[in-house]
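One-based numbering, in listed order, for ligands and for the atoms of each.
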Amino acid sequence: MQTLKDSELRYRRLFEAAQDGILILDAATGMIEDVNPYLIKMLGFSSKELKEKKLWQVGAFKNIKASKAAFEALQEDEYIRYDNLPLKTKSGQLIQVEFISNVYLVGGKKVIQCIIRNNTEYKRVLVALGENEKKYRDLVNQSPDGMFIIGMSGKLLTVNKAMCSQLKYSEQEFLSMKIWDILPKQFYDQYRKRIKKILNGESVGEAVEYEVRGKDGKIHYVDVISAPHYSGKNIVGYQGIARDISPRKRDERKIRQQLAHLTALSAIDRAINANFDLKLSLSEVLIHVTTELEIDAADILVLNSHSPILELSAGRGFRSKTIMKTQIPMGESYAGRVILERQLVHIPNLSDEPDNLFPKSFLAEEEFVCYFGVPLIVKGQVNGVLEIFHRAALEPDTEWLDFLNAMAGQAAIAIENSTLFEGLQRSNLELALAYDATIEGWSRALDLRDKETAWHTQRATEITVNLARVLGLSETELVQVRWGALLHDIGKMGVPDEILHKPGPLTDEEWVVMKKHPTYAYEMLAPIRYLRLALDIPYCHHERWDGTGYPNGLKGTQIPLAARIFAVVDVWDSLTSDRPYRAAWTEKKAREHIHASSGTHFDPQVVDAFMQIPIN
Ligand code: C2E
Ligand code: SIN
Ligand code: SIN
Ligand code: FE
Ligand code: FE
């Protein structure tokens, strides 16, 4: 009963705070039962003028026939949507709204819920694009989003300042160009189809994502909303707003890259453990090095333990066969220098060094532009070199270099394994360290998307591990707890930005999506063998002691201990941080909340322990 009350209250709050108009009708009679404050403000009618009337008795919905027809249709099927419904406010102003309605059963009674969203402002800006008055031009030029008008032939007719600064073309330059100059070929078809629809006056619905090329050759990702451009009554072109979403895209790519890196590590780990054939293990390393780092060629040279000679053990991506038989003397090669200096050698442009140590014929055939040599070090001993070659310039970032180093570590371990069996234990430790670094990097990328400050999850993880140690978990279990905590919200990758970054409370529909994040985490991590035991936290951290949590409604000790421990820290951590949807609480208030939730949300024993450990 209490839960029913709670959910009623919550619904009420959502209804009242919503930034869309909401209208509830009795499905049997068509009578308006409830209307939220936002709609009252939008329409200017008082709650009294709206309630206890049929829709078509209110001045706003003055098209009686249409309203009745829609009402009847709603009683038949269950969903109606208008993109552009004209409504009249009390003061007589015409507004265009998006109108969505659904039929629900509430306590055995059928009701219709209508969501009404005002699009007038945004439409006005689009229309303004077509006009010449200065005030509109200023408005357009102050917009942080790109805005443009394109003629029938694809010629750019108008662009605003943001378009120019994003893509680095001057207005002059733009006006002598066509859309085809900035749109990559693979988008031509999609663009032509859309423009055909727009020119026919058909609705093209939601925003579309394109890539466009700036003057500096850089690709920008843009979200484009578009509409026909009129001259008098004729459609003469196409106008739109292009929002640069490149930063978001870059974050997404980073997250995907981390996942690929982790999977690669896992595959290599399997290969190294499954066979003691060194060449096979090293080939596996090179497959991942070339694909993940997107480079043309790589090889691994192993140091002969009896003489100062490097032997090529595996190579990939070379044109010439000659390299495959090379034995390289230490003194006259970059690889030798890598070994002696025990550090990375990077040559950004081989043609800048006419006296470089590579044979001329080799470079002529391969056409390599840049080179990296990384020492393979295990237990303080150098046992080989990983060499990377690329036929264009490279601008590596930290992730790239981290992965390169992790791969060098793996290769070193493979070489070590093949010669020393007693080294096995140690290698496992090295492997765990490589995993750890990757998982930490991954966790930081996730925090950025969640609009957390980086290292935030790191701190929560440390608290969790301390708490778990106090509660008696073994050191082996703590490793898994640590990984689980670092990745606890990885499932939020499946939650769209609009929901994750929403500044206000979530609607019921949005909660449905948000509550899927533990299940998404399970689906993503379960295939990674190394993380199987770390899954408890990502999957079960929103279960509650009293059984009212999600996704499975587990109760009491049915919930894995690691998840019960983490749940306390997660809430503490969330409450003491600024979130898009609310400001941080004080630590005192957060502690009181946790104390008060002992036995309902949280395991009382975990709360007791939490209250005793120092936190800073
Ligand atoms: P999160 O921000 O990491 O929050 C984790 C958990 O901390 C929440 O799980 C909840 O148990 C607790 N918590 C966080 N903030 C508050 C608060 O202000 N009051 C109370 N009493 N508890 C709080 P929950 O509720 O299952 O939420 C899961 C995730 O859903 C949150 O992760 C957050 O990403 C998102 N979320 C929750 N509420 C909202 C909201 O109102 N707006 C938006 N945009 N997202 C929300
Ligand atoms: C309207 O067309 O005016 C409203 C449709 C409805 O009754 O849901
Ligand atoms: C743009 O000009 O930024 C994109 C135009 C479009 O494809 O609609
Ligand atoms: Fe979560
Ligand atoms: Fe969280």
Mind listing the side-chain donor-acceptor pairs of residues 599-612 below 3.5 Å, one per line with the distance, residues two or more places apart or on another chain?
from: Thr600; atom 1: OG1; to: Ser597; atom 2: O; distance (Å): 3.0
from: Asp603; atom 1: OD1; to: Gln605; atom 2: N; distance (Å): 3.0
from: Asp603; atom 1: OD2; to: Arg564; atom 2: NH1; distance (Å): 2.8

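For Glu462 and Arg482, the salt-bridge test fails: no basic side-chain N is under 4.0 Å from an acidic carboxylate O. The pair Glu592-Lys588 meets the salt-bridge criterion, with a side-chain N (NZ, NE, NH1 or NH2) lying under 4.0 Å from an Asp/Glu carboxylate O. At a threshold of 4.0 Å, the pair Arg243-Asp223 does not count as salt-bridged, since none of the basic side-chain nitrogens sits closer than that to a carboxylate oxygen.
Metal site remark for the Fe ion (ligand 4): His541 contributes an N, O or S atom at a distance under 2.8 Å.
Of the listed options His501, His541, Lys502, Lys502 places a heavy atom closest to atom 44 (N) of ligand 1. Residue Gly504 holds the heavy atom nearest to atom 42 (N) of ligand 1 of all those in Ser574, Ala583, Gly504. When Tyr581, Trp511, Trp585 are checked for heavy-atom proximity to atom 25 (O) of ligand 1, Trp511 turns out nearest. One option in His517, Arg579, Glu510, Arg582 has a heavy atom closer to atom 3 (O) of ligand 1 than any other, and that option is Arg579.
Close approach of ligand 1 to His593 (heavy-atom distance below 4.0 Å) involves ligand atoms 21 (N). The Tyr550 neighbourhood of ligand 1 comprises atoms 24 (P), 26 (O), 27 (O), 28 (C), with distances under 4.0 Å to a heavy atom of that residue. Residue contact check: Ile499 has heavy atoms under 4.0 Å from atoms 44 (N) of ligand 1. Close contacts between ligand 1 and His601 involve ligand atoms 11 (O) [criterion: under 4.0 Å to a heavy atom].
Using a 4.5 Å heavy-atom threshold, the side chains of Pro496 and Ile499 count as touching. Residues Lys51 and Val58 form no side-chain contact, since every pair of their non-hydrogen atoms from C-beta on lies 4.5 Å or further apart.
At least one heavy atom of Pro505 sits less than 4.0 Å from an atom of ligand 1. For the pair Val495 and ligand 1, no heavy-atom separation below 4.0 Å is found.
An N or O contact shorter than 3.5 Å links Lys492 to ligand 1 by distance.
Side chains of Arg582 and Ser574: a donor-acceptor N/O pair is present below 3.5 angstrom, by distance only. Judged purely by distance below 3.5 Å, without hydrogens or angles, the side chains of His541 and Asp489 pair a donor atom with an acceptor atom.
Heavy atoms of Asp573 found under 4.0 angstrom from ligand 1: none, in either backbone or side chain. Contacts between Trp572 and ligand 1, counted as non-hydrogen atom pairs separated by less than 4.0 Å, are absent for every part of the residue.
Note on His542: its N/O/S atom closest to the Fe ion (ligand 4) is NE2. Within Asp489, the N, O or S atom lying nearest to the Fe ion (ligand 4) carries the name OD1.
Remark: Tyr522 OH is loosely packed, at most 12 non-hydrogen atoms of other residues, nucleotides or ligands lying under 6.0 Å away. Atom NZ of Lys161 has 12 or fewer heavy atoms from other residues, nucleotides or ligands within 6.0 Å.
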